[in-house]
Amino acid sequence: MIKRLLFGWLLALSGLQAWAALPPELLTRIAAGEGDERVAALNEAVAQADPALADYLHALLDGRVRLREGKAVVAAEGAAPPDGEEPMLNNRLRREIDSALAGLALLSKDRDARAKALVTLREDASAAKLPLYERALAAETDTELRSQLSALVAGAKLSSTDPGQRRAAATELAGSADPATRALLLERMSAETDPGAKAAMQSTIAAIGDRLAWGERAQLLFSGLSLGSVLLLVALGLAITYGLMGVINMAHGELLMVGAYATYCVQQGFRAWLPAAFDYYLWIALPASFVAAALVGAAMERTVIRWLYGRPLETLLATWGISLVLMQAVRTLFGAQNVAVENPTWLSGGWALLPNLTLPYNRLAILAFAALVLGGMALLLARTRLGLMVRGVTQNRRMAACVGVNTAKVDTMAFALGSGIAGLAGCALSQIGNVGPDLGQSYIVDAFMVVVLGGVGQLAGTVYAGLGLGVLSKLLEGWQGAVLAKIALLMLLVLVIQKKPQGLFALKGRSVE
Amino acid sequence: MKKPLLIAVAVLLLLVPLLHLAFPPGHALHLSEFYVGLLGKFLCFAICALALDLIWGFGGILSLGHGLFFALGGYGMGMYLMRQIGREGQYQSDLPDFMVFLNWKELPWHWALSDSLVGQIFLALAVPGLLAAVFGYFAFRSRIQGVYFSIITQALTVAAMLLFFRNETGFGGNNGFTDFKRLAGMPLNTPGMKVGLCVASGVALIVCYLIARALTRSRWGRILQAIRDAEGRVRFLGYDPVAFKLSAYVISALMCALAGILYVPQVGIINPGEMSPAASIEMAIWAAVGGRGTLIGPVLGAFFVNGTKSVFTAWWPEGWLYILGGLFIAVTLFLPQGLMGLARRFKK
């Protein structure tokens, strides 16, 4: 009797707090004995859902518990461990203790702690903690956490001994859209013996699969639209210069590259002189790439292309030569390796709509950007004087010249405009891919296909062709792989051209010939 | 080629074996193996340039995908040569090394004829010819012209290149075929074989030239040139341009395939890089530099550009692309008639 009193007083002196409320023999059974019995004792303690248990378990993990004369003795936080034998903690016990702590956290007042606990417990749906989960569910007020918690309860019930309960749990989970739940069901189904429960699990897996399929389709559609928006940006400048001057600019890819490298230079400049404002470098990089590419384009037009007026095949070859020179110049200036262009922080990460659907911010931004550029171009062509002259020269060059339009100047301005858009596209590409001297080469064939398919003279053609090719390309990729998708698209292009040799949206009229 | 030039080429073809075989290495007059190989390569390129001139200079069709036909011919020959390695490869198996590496147990169906030289040569000519016929038919029928046609041929060669890069296609993937040992029982590495192939390439060039000259001087050739200048009018006059353009396209594809067949045993390797758009566009510049529409011009152009390339890639490698790019620009701006045009101006 006195010994007990002394013990209790000693415990109180050593600063024990809440765990004194727990039955000490339960604490001892957790700390000492065979592994299975210790886990059973742990689950028993957890089932009582006494929040004081959490402190004890933390002490156990920290190594502040000792066994003295068959009883567990705990020291306060920060104090030295008491004398006695150290309890053995293997990996399994540690896992179980972590799981128990997470289970106890489900009853915490702090919502974030509960949410975190749910994430940890998703992997571990053992039936042992079922009473705790049910108690937590009864006390849960937050709707989102409630649904997660009920899924957890159902998942735990899947390993119940009663087949009826398993079947009920499987049916209850049919509303889930979580890939982890599907994985859990697949695992349980392989060990399932009861036919009723097995059938229920199968139909639930199918239902979840259907729901996930929508997420997968949406992801595919988004990737297609994203690729389409990139193709649109790349092909827009090409369509304008070809429509206007009948010049296929083989150096268009290199103008993309110029824009991307301009972005790189601006980034490096910010790193060197304005590191605090690094997140805003993109706002300077956009006009910088536009101007850089426009200048290069204007120079190209003035020095080479204008002398080849009326000879499109020669222009093709001459611009190919320019592209070789530009690529080699970039290799000489910046080296042949890729250079690193970082996303600013506001473009990193993504928008997680569904468990299997994440929309990256940088691609969303490019989608919006492409729409903006398209809108800007449409406005420019429809409402400004320059646009009017460009349209006039595209439709009938001779007549426009007769009416007094300075076709040479319009050529230069339009070429610079098209090149500038290529520069903007290059800036966008730098945010989603590698930047190297070969950047242009990988996009140029696709850009050409967009122009050939869409026809020139109207922006609509480029839009439809770009978006259409992007979406189609991603769909075919999912079906047969990237290479066969490209070949299929080429065949499609040749077939479409059979019906519409000038592209989908071509200008009509005698002057076009 | 005018008489003097024809004689010059024939003399060259006789000289080469003499200089290489009769004199031992180290002798002042010895033509080293390197130059024999180089000459053979250039002769094959000259055939390609000639083929391109036929459709571009005389037909107005700029194909930027002729490298595809060249490569297909090369692959056809390469298949035969791979089988002729026999059991002397890395894995000492009847199958080519890359198949063993991919764990294939037997030859795929498209290697069925690969044991016979005649069979493979037939395939190496038939496949590019057929491809050209089908592709050309669909393209010309829908009146795809000018720049659009060039772009589509480029897309075709890119698609084929991607296809051949895959290991599953059964053509060695991105490594292609290499390490050849024998041709028709005779080892490839002997001086006799090298000279023989070089002379064969020269003979092929002369034959192709004579065929092309006969064709362009014939009625067919005249109509082709008329189509180049004013297709609409030719159509109104009652001719069907598709037949003429298609036949020109197929003949030029066959010539390129022949060049490929002779090229691969001399160079000893073929890989999908030969199908890259850059390689095809370079062929166009050989024809342009030499002078389109004059069959000899492209031959000279091929020699000139490739010779310059050999010199520069040895002397100033980084500068070669500047030179090549500059060549493209200079020729199109200042020398639209190419070197032959320059020669004509000097004659006057």
Side-chain angles (χ1 to χ4, degrees), chain A residues 242 246-248 250-251 300 303-305 307-308 311-329 331-332 336 441-442 444-449 451-453 455-456 481-491 493-503 513, chain B residues 56 60-62 64 134-135 137-152 154-166 168-169 231-232 276-278 281-282 284-285 287-289 292 317-334 336:
Chain A
Y242 182 58
V247 167
I248 281 281
M250 297 283 266
M300 266 169 60
T303 54
V304 177
I305 295 174
W307 310 113
L308 296 172
R311 291 147 64 187
L313 297 178
E314 271 94 328
T315 324
L316 204 127
L317 292 178
T319 48
W320 175 258
I322 297 175
S323 88
L324 289 177
V325 169
L326 280 174
M327 274 200 289
Q328 192 60 17
R331 279 194 201 109
T332 316
Q441 299 297 303
S442 32
I444 198 63
V445 175
D446 292 314
F448 286 162
M449 280 173 59
V451 168
V452 169
L453 186 64
V456 295
V483 174
L484 291 171
K486 230 184 175 84
I487 296 173
L489 279 177
L490 176 72
M491 296 300 125
L493 182 67
V494 174
L495 285 173
V496 169
I497 293 285
Q498 298 295 301
K499 272 281 163 185
K500 297 207 148 226
Q502 298 282 340
E513 291 291 321
Chain B
W56 186 23
I61 308 164
L62 175 60
L64 291 180
V134 170
F135 180 75
Y137 175 69
F138 281 112
F140 297 136
R141 194 184 78 120
S142 49
R143 306 195 192 178
I144 305 178
Q145 277 164 354
V147 193
Y148 276 174
F149 184 76
S150 313
I151 292 175
I152 294 189
Q154 216 190 12
L156 181 70
T157 191
V158 166
M161 181 178 80
L162 289 176
L163 192 65
F164 273 68
F165 265 128
R166 298 175 87 221
E168 295 83 358
T169 321
E231 184 169 335
S276 71
I281 297 180
E282 250 186 78
I285 206 60
V289 164
R292 285 172 282 144
E318 296 85 24
W320 165 241
L321 281 175
Y322 288 124
I323 304 285
L324 185 62
L327 207 62
F328 272 89
I329 300 171
V331 164
T332 50
L333 277 182
F334 306 120

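The basis for the numbers below is simple: all heavy atoms, side chains too, and nothing from hydrogens, waters or symmetry mates. First the proteins, then the strands, lettered A, B, ... as listed; each starts at 1.
Only the backbone of B:Ala139 comes within less than 4.5 Å of a heavy atom in chain A; its side chain stays farther off. Interface remark: A:Val445 contributes side-chain atoms only to the contact with chain B (heavy atom separation under 4.5 Å). Only the side chain of A:Met250 comes within contact range of chain B, with heavy atoms under 4.5 Å apart. Interface remark: B:Val147 contributes backbone and side-chain atoms alike to the contact with chain A (heavy atom separation under 4.5 Å). When heavy atoms are compared at a cutoff of 4.5 Å, B:Leu64 approaches chain A solely by way of its side chain, counted from C-beta outward. For B:Trp56, the part lying near chain A is the side chain, with the backbone staying farther off; criterion is any non-hydrogen pair under 4.5 Å. Residue A:Ala336: no heavy atom, backbone or side chain, is found under 4.5 Å from chain B. Within the 4.5 angstrom heavy-atom criterion, only side-chain atoms of B:Ile151, from C-beta onward, approach chain A. Proximity to chain A is absent for every atom of B:Phe165, based on heavy atoms less than 4.5 angstrom apart. Heavy atoms closer than 4.5 Å to chain A are found in the side chain of B:Ile144, but not in its backbone. Interface remark: A:Thr319 contributes no atoms to any contact with chain B (heavy atom separation under 4.5 Å).
Note that CG of B:Leu62 is 6.5 Å distant from CG of A:Leu316, once rounded to the nearest 0.5 Å. For the atom pair CG of B:Leu321 and CG of A:Leu326, the computed distance is 12.0 Å after rounding to the nearest 0.5 Å. Once rounded to the nearest 0.5 Å, the distance linking CZ of B:Arg292 with CD of A:Glu314 reads 4.5 Å. To the nearest 0.5 Å, atoms CG (B:Leu333) and CG (A:Leu317) are separated by 11.5 Å. Between atom CD1 of residue A:Ile444 and atom CD of residue B:Gln154 there is a gap of 8.5 Å, rounded to the nearest 0.5 Å. Rounded to the nearest 0.5 angstrom, A:Ile322 CD1 and B:Thr332 OG1 are separated by 8.0 Å.
Residues A:Leu324 and B:Phe328 come closest through the heavy atom pair CD1-CE1, 4.1 Å. The shortest heavy-atom contact between B:Ala159 and A:Leu490 is CB-CD2, 3.9 Å. What you find for B:Gly326 and A:Val325 is that their closest heavy atoms are N-CG2, 4.1 Å.
Within 6.0 Å of CZ in B:Arg166 there are more than 12 heavy atoms belonging to other residues, nucleotides or ligands.
Most heavy-atom pairs under 4.5 Å with chain B: of the set A:Val452, A:Ile248, A:Leu313, this distinction falls to A:Leu313.
The side-chain hydrogen bond (donor to acceptor under 3.5 Å, both in side chains) check on A:Thr332 picks up B:Tyr322, with sequence neighbours excluded.
For the pair A:Arg331 (side chain) and B:Glu318 (backbone), a donor-acceptor distance under 3.5 Å is absent. Of the possible polar contacts, none joining the A:Gln328 side chain to the B:Gly319 backbone as a donor-acceptor pair under 3.5 Å is found.
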